[in-house]
Student: 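First, the structure itself, so that you have it in front of you.
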2 protein chains.
Amino acid sequence: MQQIKDIVDTLRNEGFRITPQRIAIIKYVIDTQSHPSAEAIHKIIQKKYPMVSLATVYKTLDLLRKMSMIQELGFADGSARYEANVGKHINIVCVRCGRIEDVDEHSLSGLESKVAEKSKYEIFSRRFELYGHCNECKRKKETQARR
Amino acid sequence: MQQIKDIVDTLRNEGFRITPQRIAIIKYVIDTQSHPSAEAIHKIIQKKYPMVSLATVYKTLDLLRKMSMIQELGFADGSARYEANVGKHINIVCVRCGRIEDVDEHSLSGLESKVAEKSKYEIFSRRFELYGHCNECKRKKETQARR
DNA sequence: TTATATGCAAACTTTTTGCACATGC
DNA sequence: GCATGTGCAAAAAGTTTGCATATAA
């Protein structure tokens, strides 16, 4: 689990400035479990800090991604969602309500090295997702798929 | 491995019409290993059939996706790429050159049922990706990441 | 002090949509 | 013949960019 302090220190060491905007964004992304979109992050942060612009949210998320501190999950509807959990895990995505949850799965380590050997790729990161219906949505009848 | 004939038959049985545009798109997507974008599909198909519009490519891909005949892989740069291999496999994505290759991995079955049980989700489909550098790009020095 | 970061608005990219015309069955 | 599909162009949605202003160090 990443700490806000570690991220801030790393940014500072790399010569990046620590602004209130960046702190607010980092704090929210690190703490949430909700895999938010850039717009969702912006809306929530604006409640406390109305001066934060959407462009700054995008720029900060881009910075954090380039520093490998967060992972960006692009979807085919053109949106992207972000998570601070960059460790080995599987995302389960409910295609009805859009919810995303993490499931730890350490057997992924063996899988990765096996695939790296077979393919001759050098692996840096991963995106493992299973799509289905969450427990709540399983019960609901009108299965209007989001994507 | 899916056959063009099967897909065409299924579409016909479901009441969809078989047009030259749809046949061309289905044929190309089924045969290629290249995980193309909608625009790439459009460009290639236009060489043979100049009358096919990009909108039709999108509409057909959407239809095929809804029929679970292809999988759509969205990326955070807003683009999507398509593959006809909907079976259990891992995509390895070269973040330098954008190449995507498939690696079969049947141990994914056990993984999926384990996660389904743990999470109470009902799983329909999957997207397992490993990001790194392909064998060629490993050797090249200027590692300009695409995303 | 000064290079970096922010905010705004405009630009860009990709995908979707509305509608008149064409066509598969 | 008629409901479905196509092509075009315009709209939408999400993200990026340019530039003047603000600010962290």
Side-chain angles (χ1 to χ4, degrees), chain A residues 7-26 29 35-43 45-46 48-67 70-82 98 144-147, chain B residues 7-26 29 35-43 45-46 48-67 70-82 98 144-147:
Chain A
I7 293 186
V8 168
D9 286 349
T10 307
L11 288 182
R12 209 192 309 268
N13 290 341
E14 300 276 337
F16 296 102
R17 291 182 182 171
I18 307 307
T19 63
Q21 289 91 332
R22 285 184 174 167
I23 291 179
I25 294 165
I26 292 167
V29 173
H35 302 74
S37 66
E39 210 186 333
I41 294 168
H42 182 230
K43 272 189 188 146
I45 287 186
Q46 271 208 324
K48 262 193 167 176
Y49 310 94
M51 81 298 279
V52 178
S53 76
L54 184 56
T56 295
V57 172
Y58 275 111
K59 286 169 186 168
T60 301
L61 291 172
D62 213 51
L63 174 64
L64 294 174
R65 178 180 62 75
K66 283 182 181 146
M67 307 280 292
I70 60 172
Q71 180 162 14
E72 185 182 49
L73 302 170
F75 292 93
D77 62 359
S79 70
R81 293 171 64 176
Y82 299 85
Q144 180 61 44
R146 239 174 51 105
R147 31 189 316 274
Chain B
I7 292 186
V8 167
D9 286 350
T10 307
L11 288 182
R12 208 192 310 269
N13 290 342
E14 299 277 336
F16 295 103
R17 291 184 181 168
I18 308 306
T19 63
Q21 289 92 332
R22 285 185 173 165
I23 291 179
I25 293 165
I26 292 167
V29 173
H35 303 73
S37 65
E39 210 187 332
I41 294 168
H42 182 230
K43 272 191 187 143
I45 287 185
Q46 271 208 324
K48 264 193 167 175
Y49 311 94
M51 82 298 283
V52 178
S53 76
L54 184 55
T56 295
V57 173
Y58 275 110
K59 285 169 186 169
T60 301
L61 291 173
D62 214 51
L63 174 64
L64 295 173
R65 178 179 62 74
K66 283 181 180 148
M67 308 280 291
I70 60 172
Q71 180 162 14
E72 184 182 48
L73 302 170
F75 293 94
D77 63 0
S79 70
R81 294 170 65 175
Y82 298 84
Q144 181 61 43
R146 237 176 53 106
R147 30 189 318 271

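Reminder, nothing fancy here: chain letters follow the sequence lines and each chain counts from 1. Values below: all heavy atoms of this structure, side chains included; hydrogens, waters and symmetry mates excluded. Owing to the predicted nature of the structure, the values given are computational and were not obtained by experimental measurement.
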Student: Could you work out, with side-chain contact (heavy atoms from CB on, under 4.5 Å) as the rule, every residue matching A/I23, not counting sequence neighbours?
Tutor: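 Expected list: A/I18.
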Student: Specify the separation, in whole Å, of atom CZ of A/F75 and atom P of C/dT16.
Tutor: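 After rounding, the reported distance stands at 15 Å.
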Student: Got a sec, which residues hit side-chain hydrogen bond (donor to acceptor under 3.5 Å, both in side chains) with A/T19, two or more places apart in sequence or on another chain?
Tutor: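 side-chain hydrogen bond (donor to acceptor under 3.5 Å, both in side chains) check on A/T19 returns nothing, list empty.
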Student: Of all the heavy-atom pairs spanning A/T56 and A/I25, show the shortest one and how long it is.
Tutor: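 Taking A/T56 first and A/I25 second, the nearest heavy atoms are O-CD1, 4.1 Å.
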Student: In this structure, how many angstroms lie between the P atom of D/dG5 and the CD1 atom of B/I23, rounded?
Tutor: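 One finds 14 Å between P of D/dG5 and CD1 of B/I23, rounded.
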Student: Of all residues at least two apart in sequence or in a different chain, which pass the side-chain contact (heavy atoms from CB on, under 4.5 Å) check with B/E39?
Tutor: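 Listed in chain order: B/S37, B/K43.
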Student: Rounded to whole angstroms, how far apart are CG on A/L61 and P on C/dT6?
Tutor: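 Value for this atom pair: 12 Å.
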Student: Rounded to whole Å, how long is the line connecting atom CD1 of A/I45 with atom P of C/dG7?
Tutor: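 A/I45 atom CD1 is separated from C/dG7 atom P by 11 Å.
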Student: My understanding is that only residues two or more places apart in sequence, or in another chain, count here; which of them pass side-chain hydrogen bond (donor to acceptor under 3.5 Å, both in side chains) with A/T10?
Tutor: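 Scan of A/T10 (side-chain hydrogen bond (donor to acceptor under 3.5 Å, both in side chains), adjacent residues dropped) gives none.
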Student: Would you give a per-nucleotide map of nucleotides 15-25 of chain D, 5' to 3', where B means the base has a protein non-hydrogen atom under 4.0 Å away, S means only the sugar-phosphate does, and - means neither?
Tutor: SBBB----BBS
Student: With a 4.0 Å cutoff (strictly under), does any side-chain N or O of B/T56 reach OP1 or OP2 of D/dG7?
Tutor: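 The answer is yes; a side-chain N or O of B/T56 sits under 4.0 Å from OP1 or OP2.
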Student: In whole angstrom, give the distance that lies between atom NE2 of B/H42 and atom C1' of D/dG7.
Tutor: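 To the nearest whole Å, that distance equals 10 Å.
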Student: Starting from P on C/dG24, measure out to CD on B/E14 and report it in whole angstrom.
Tutor: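 B/E14 atom CD is separated from C/dG24 atom P by 21 Å.
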Student: Would you list the pairs meeting salt bridge (Lys or Arg N to Asp or Glu O under 4.0 Å) in which at least one residue belongs to residues 52-62 of chain A, sequence neighbours left out?
Tutor: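 Listed by first then second residue: A/D62-A/R65, A/D62-A/K66.
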Student: How long is the line joining CD1 of B/I25 and C1' of D/dG5, in whole Å?
Tutor: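 Taking CD1 of B/I25 and C1' of D/dG5, I get 11 Å after rounding.
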